[in-house]
Participant: 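Before I ask anything, let me first share the structure, which is written out below as structure tokens.
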Amino acid sequence: MKISIIGSGYVGVVTGACLSEFGHEIIFVDIDQKKIDLLNKGIPPIYELGLADILEKNKHLISATDDYNSAIGATDLTFISVGTPCAENGTIDTVYVRSAAENIGSALKNTGKKDIHTIIVKSTVFPGTTESVVLDALERMSGKTAGEGFYLGCNPEFLKEGVAIEDFMNPDRIVIGSYDDGAGRVLSELYASFDCPKVITGIKTAEMIKYTSNAFLATKISFANEIGNICKKAGIDTEEVFKGVGLDARINPSFFRSGIGFGGSCFPKDVRALLSGAAESGVDTAILKAVLDVNEAQPLVMIDLLNKHIPDLKGRKVGLLGLAFKPDTDDIRESRAIPVISALTDMGAEVVGYDPLASENMSVLFPDVVYAKEISEVMACDAVLITTEWPEFENLDYSGKLVIDGRRVRRAAETAEIYEGVCW
Ligand code: NAD
């Protein structure tokens, strides 16, 4: 198929690259000229394991542009994968999705395309958004009617950053929300060779599956952290507890361990959006509120533990191992290192941060932090805080150090002079 992808971020680029592996021709559309230039050279604009090899290998199938007319005119299927950030009131900001849909609608009109085009929303949007914001923009700008002049559907994405290629290629399930039979048919054909359950449903249900899935995973993590805090006080090893519990097939061990909470571009924003959407329709969401409260408080447990050993942080050097919201990514969105850095700088500490990929991104947010080129600069600080579980942190020698561990790095527990785990 000939496929255009609007929005060349983590989801868009991974989707396009993976689909090019099946021989599909891909045109990326973005408003960021830097990303367009990189993609046209076969270079990924974001870091994701395996992505560079695919883009290089399939260069002949891939191009990028900011021109909607040429991209829509030359393709049969378009995915919208632009960002849906949090608006001030917690709901999603649909400005990018609306603008993408308006531009696609105009292009459908401008190019005078005769063949019926399929538009699929891959961005995470609140239930009802595709059938209101996207449908309205497409019909208004194209002068065509959904189901006749174009097909409309949604296909939420469940990939995890860091293992996004693996997740896209081997999904647990594919969810297809279809406004009309056409969108369902096109996506069923596109994903025919994927050997996994396919859930074909209405658009709002598909949108809700995505939110429910993320809200449940976030709940599992906050629950694990609350239990972990109880374990810490009681002198119980929380990891052993969750091993014992997770082996129950009804529960499952995945995403079931304690630490300093969840970050990233999805869980916090999606739980907030669900909460706000529920409030707007008069539904109380005690569980979702608690999930966010626990997640906000959890990184600060590190500061309490640090204060136990260094009561006055003014002028003291504190090193942070890990700035990305998780290992194997350069993404710092909602990273749990952010509240930790804020608290430390508020208390007058001098922060030295190290991350294999994310220092540049974090330096935009915190220009005054010292970004170490070598881990030894962090190890020379008065205390070391482990905020992301990069595998290389397992190979360090922590002897003689005060370590506060938010991610359970075994080597730190074994070698540090003073070691405090947040929940163990
Ligand atoms: P991102 O911020 O990395 O990328 C979005 C891209 O869209 C950017 O390159 C931006 O320049 C581009 N863009 C914005 N407006 C545009 C427009 N009008 N036309 C063309 N391009 C435009 O976002 P992301 O992390 O890839 O997330 C995209 C969506 O997928 C969000 O709704 C997110 O919630 C969802 N999602 C993300 C993940 C994840 O792990 N990152 C996983 C599943 C779902």
Side-chain angles (χ1 to χ4, degrees), residues 4-18 27-39 44-49 51 64-72 78-87 91-107 119-127 129-130 133-134 137 141 154-168 171-172 174-175 206-207 209-211 213-215 217-218 262-274 324-326 328-335 361:
S4 41
I5 309 241
I6 315 296
S8 314
Y10 289 85
V11 167
V13 176
V14 168
T15 301
C18 289
I27 304 180
F28 291 108
V29 180
D30 209 285
I31 46 174
D32 183 340
Q33 191 57 43
K34 254 193 347 215
K35 288 187 175 175
I36 295 168
D37 293 342
L38 286 170
L39 284 164
I46 47 128
Y47 175 79
E48 194 58 56
L49 192 69
L51 185 59
T65 178
D66 63 354
D67 180 8
Y68 275 81
N69 287 342
S70 65
I72 302 300
T78 298
F79 283 102
I80 298 179
S81 54
V82 297
T84 46
C86 212
T91 57
I92 56 162
D93 189 341
T94 53
V95 66
Y96 304 111
V97 170
R98 177 178 288 111
S99 150
E102 282 174 351
N103 289 335
I104 296 166
S106 300
I119 298 112
I120 302 295
V121 177
K122 213 173 217 327
S123 301
T124 303
V125 292
F126 196 74
T129 306
T130 301
V133 175
V134 177
M141 302 307 281
C154 82
N155 171 219
E157 182 50 59
F158 297 95
L159 61 78
K160 298 183 289 298
E161 284 179 27
V163 284
I165 305 277
E166 169 67 21
D167 281 353
F168 189 95
D172 293 333
I174 291 173
V175 175
E207 291 167 331
I209 289 172
K210 173 66 188 171
Y211 274 91
S213 182
N214 275 2
L217 291 171
F262 55 81
S265 66
C266 295
F267 288 0
K269 141 179 107 68
D270 295 347
V271 177
R272 267 180 225 127
L274 200 50
F325 87 91
K326 64 189 272 190
D328 297 316
T329 180
D330 58 355
D331 197 343
I332 59 144
R333 290 178 284 186
E334 305 260 2
S335 165
N361 286 341

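Indexing begins at 1, ligand by ligand and atom by atom, following the structure's order. These numbers come from a predicted model, not from an experiment.
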Participant: List every atom of ligand 1 that sits less than 4.0 Å from any heavy atom of Ile6, numbering the atoms from 1 in the order shown and giving each element.
Facilitator: 19 (N), 20 (C)

Participant: Taking Lys34 first and then Asp32, would you say they form a salt bridge - that is, a charged N and a carboxylate O separated by under 4.0 Å?
Facilitator: no

Participant: Check each heavy atom of Lys160 against ligand 1 and say whether those closer than 4.0 Å belong to the side chain, the backbone, both or neither.
Facilitator: neither

Participant: Quick test of your reading of the structure: of Glu102, Lys269, Arg333, whose heavy atom lies closest to atom 1 (P) of ligand 1?
Facilitator: Arg333

Participant: What atoms in ligand 1 come closer than 4.0 Å to a heavy atom of Val11?
Facilitator: 26 (O), 30 (O), 36 (N), 37 (C), 38 (C), 42 (C), 43 (C), 44 (C)

Participant: Does only the side chain of Glu48 get under 4.0 Å from ligand 1, or the backbone, or both, or neither? Count heavy atoms.
Facilitator: neither

Participant: Taking distance alone, with no angle check, do Lys35 and ligand 1 share an N/O pair under 3.5 Å?
Facilitator: yes

Participant: For Gly9, counting its heavy atoms only, list the atoms of ligand 1 lying under 4.0 Å from any of them.
Facilitator: 1 (P), 3 (O), 4 (O), 6 (C), 9 (O), 26 (O)

Participant: Which is closest to atom 14 (C) of ligand 1 in terms of heavy atoms, Ile31, Val13, Asn103, Ile5?
Facilitator: Ile31

Participant: Should the proximity of Ser8 to ligand 1, defined as any heavy atom under 4.0 Å, be assigned to the side chain, the backbone, both, or neither?
Facilitator: backbone

Participant: Using heavy atoms and a threshold below 4.0 Å, how should the contact between Val125 and ligand 1 be classified: side chain, backbone, both, or neither?
Facilitator: neither

Participant: Tell me, which protein residue and heavy-atom name are nearest atom 29 (C) of ligand 1, and how many Å apart are they?
Facilitator: Val82 O, 3.4 Å

Participant: Check each of Ala164, Ser99, Ser123 against atom 18 (N) of ligand 1 and report the one with the nearest heavy atom.
Facilitator: Ser99

Participant: Suppose we measure from atom 17 (C) of ligand 1 to each protein heavy atom; which comes out shortest, and what is that distance?
Facilitator: Tyr68 OH, 3.4 Å

